[in-house]
Amino acid sequence: MIALRRTRPAPPRPGTLGAHAVGQLWRLCRVVGLSWADAAAYTEILAEMLGPVAERPLGLPPAAPWSFLSDDRTPVEFSLSFVAGARPTLRMVLEPGGGIGGLEQSGRTGLQVVRELARLWGFDTDRLDELEDLFFPAAPQGPLALWCALELLPGGVPKVKVYLNPAASGPERATATVREALRRLGHRQAFAALPENDRLLFFALDLGQWDEPRVKVYTAHHDLPVAAASGLSRMAGGPDAAELEAFLRAAVEPGDGHDALLDQRPVQGCHGFTETVSGLPSCYTLYVPIRDYARHDREALDRAVVLLRRYGIDPDRLVSAVGAVTERPLEDGVGLIAYLALAHQQGRAPRVTAYLASEAYEVRRPTASGSLRAAAGH
Ligand code: TRP
């Protein structure tokens with residue numbers, strides 16, 4: 001359905017989803033210092049990966065009402081990943097084909113698009129191919145089939161990540177599916193290394209130009225007391241208990257209620273495996289859905305700035321990036337900054353990532369108060 005062409009396609013027409021997202025991406029590319037040539041290449045890829053949905057007028061409802069890639073069903077989300085002393089990396093995650101045609105078609109389109117990207121940039125999809133029967137059953141269940149993320153490096157060739165749905169054959173099969181996927185990729189002991197959790201959310205693969213490609217498993221943690229963040233990571237040499245708790249606390253600002261529960265959208269964790277010998281994860285990321293714990297995006301941005309500074313990172317580019325995706329006053333909505341994440345990988349400096357919603361369809365209204373509840377029995 002979607003052919004990634006080598007000839008230059010026409011840019012999406014004004015007033016379409018594609019024009020909205022391409023405009024945002026173009027400005028974001030400039031914020032992080034990518035060249036004009038890279039920005040041109042990456043915006044073209046974005047429109048190509050969205051396919052015909054890019055031409056959909058913004059006045060029409062989202063093509064995939066079931067999609068949960070973003071709150072308002074925009075099929076793309078941006079993020080900036082920061083490490084001290086370097087330019088941030090710009091990334092985007094999208095539902096290839098915009099989810100049009102339903103879940104099953106979305107899965108087929110997703111696989112086709114990833115394989116076309118592989119041809120375009122010269123990488124192999126062997127590890128994905130090995131898992132196809134597990135994650136793409138005949139009658140897939142929701143809420144996603146395949147998401148594809150690109151890390152938009154200078155030079156026009158991105159790193160590629162693919163996200164799959166552990167519950168594709170039903171939530172009751174998620175554990176078995178993830179175990180089997182890990183086993184096929186040689187990570188026989190990895191499942192046992194995961195922390196207790198409420199749900200397996202994504203199974204992800206790095207494809208393409210990675211030094212150490214990861215296999216990642218995402219977990220959700222409902223009603224987490226802030227103080228329990230310390231127990232989420234199973235990474236040896238990873239973030240210590242105090243660091244995780246301090247990050248979470250600064251992101252949600254529970255104030256005096258030090259046992260406050262994150263009882264809105266759950267905190268997520270991601271363990272990444274890069275070798276099959278130890279059975280242990282070599283990376284860990286904590287994702288905080290800050291949009292459910294802040295009144296509006298000004299508050300969310302202020303907290304992000306504090307956190308970036310704490311890690312020795314200049315927050316200016318985040319402030320510019322926010323201005324690149326929206327013109328609205330930040331007090332007028334919440335959800336533009338969807339998540340703040342803290343990522344640790346062995347042998348590397350910690351990274352702080354801010355996820356930015358495209359808000360093509362809707363802005364969530366600000367809430368009267370942040371929504372932390374005291375822990376039961378407190
Ligand atoms: N929108 C979904 C959620 O909020 C999935 C998602 C999109 C997500 N971007 C994310 C999850 C970044 C974690 C981090 O859960």
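Everything quoted here is computed from the prediction, not taken from an experiment. Every number for a ligand or one of its atoms is a count from 1 in the order of the listing.
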Using modelled atom types only, decide if a donor and an acceptor are shared between the side chain of Glu245 and the backbone of Ala241 within a distance under 3.5 Å. no
Would you please say whether a donor-acceptor pair under 3.5 Å links the side chains of Thr274 and Ser282? yes
Quick one: do Arg364 and Glu359 make a salt bridge, cutoff under 4.0 Å? no
Any carboxylate oxygen within less than 4.0 angstrom of a Lys/Arg side-chain nitrogen, looking at Asp206 and Lys159? no
Using a 4.0 angstrom limit on heavy atoms, which residues are close to ligand 1? Phe68, Leu69, Glu77, Trp147, Gln268, Tyr287, Arg291, Tyr339, Tyr355
Can you sort out the partners of Glu132 under side chain to side chain donor-acceptor pair (under 3.5 Å), two or more places apart, ordered by chain and number? Arg115
To the nearest 0.5 Å, what is the distance between CZ on Phe273 and CD on Glu212? 14.0 Å
